[in-house]
Chemist: 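Sharing a structure, written as structure tokens. Questions coming.
As the structure lists them, so they are numbered: ligands from 1, and atoms in each ligand from 1. Hydrogens, waters and symmetry mates are skipped; everything else that's a heavy atom, side chains included, is used.
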Amino acid sequence: MVTGATWADLDRELDAWAGAGRAAPLWWRDDDAVAATPALDRLQRVSGAAIAPVCLAVIPAGLEAGLAAALATHVTVVPHGFAHRNHAALGAKKAEFGPDRAIATMANEIAAGWRTVHERFGARARPVFVPPWNRLDDRLLPSLRAAGFSGLSARGPRALPRVTGITVRDVSVDIIDWRVTRGFRGAAAVLGEIVGGLAARRAGGVDADQGALGILTHHLVHDDAAWDFLATLGRHLERSGTARWHDVDAVFAGAG
Ligand SMILES: [Zn+2]
């Protein structure tokens, strides 16, 4: 059970980082992009105002022309699965790359997805795999390497799979309530996770292994409350002078 927190709690946590002479590390991943949309523009405006680089996870098989040209300079692109199609058995948790299909079939899709993203986005593309629904059969880890990936990002905190050559950097704060409202979870709940995640890193706890605290957003489903929260978060972090948004290169620079 996550305890809620307030903006004042966040400011206090940031003060503690400042007092320790350290910068509070965060990073921002946004999933499910396929096209240039007003919501994508808003994501870029809000993150730009927060001076926060965004790692945009795009669905390779669904990409529409025009997305690449619409991206701001602070956005990098990674593949989000292949077609974001659920192949799990009825009643099982949704997964595109779960235990339900042949490894060779999934490995081919993973490789095709990276080729597409690399072709479409060029220097903006990064070889970091983001599995849809944040689920990946561990047996696919060697396939990621073979396809040219050096990074994996799902949802944490969790026991991290260890595989040579793949750096795992999960996101741990999802601002959307997928189970009930499919809208913003509310500032108290999200701040509780942000403050808790930063405090754990400051203390050198379990989460410290994961480096920067990953925030997960989905621009296509954000309501005004979600956008307002992100804008306010950006202001609090910037005002503190002690928070640092890391870009995807910095996040994945460490050895896994
Ligand atoms: Zn997704």
Chemist: Does any N, O or S atom of His218, backbone or side chain, fall under 2.8 Å from the Zn ion (ligand 1)?
Modeler: no

Chemist: Verify the distance test for Asp32 against the Zn ion (ligand 1): any N/O/S atom under 2.8 Å, yes or no.
Modeler: yes

Chemist: For Phe82, is the NZ or CZ atom of Arg85 found under 6.0 angstrom from the centre of its six-membered ring and inside 45 degrees of the ring axis?
Modeler: no

Chemist: Please give the atom name: the N, O or S atom of His80 nearest to the Zn ion (ligand 1).
Modeler: NE2

Chemist: Treating Ile, Leu, Val, Met, Phe, Trp and Tyr as nodes and any side-chain heavy-atom pair under 4.5 angstrom as an edge, say whether Leu14 and Trp7 lie in one connected cluster.
Modeler: yes

Chemist: Ignoring hydrogens and geometry beyond distance, is a side-chain donor-acceptor pair present between His219 and Asp30 at under 3.5 Å?
Modeler: yes

Chemist: Please work out which of the three classes, parallel, tilted or perpendicular, describes the rings of Phe229 and Phe184, given edges at 30° and 60°.
Modeler: tilted

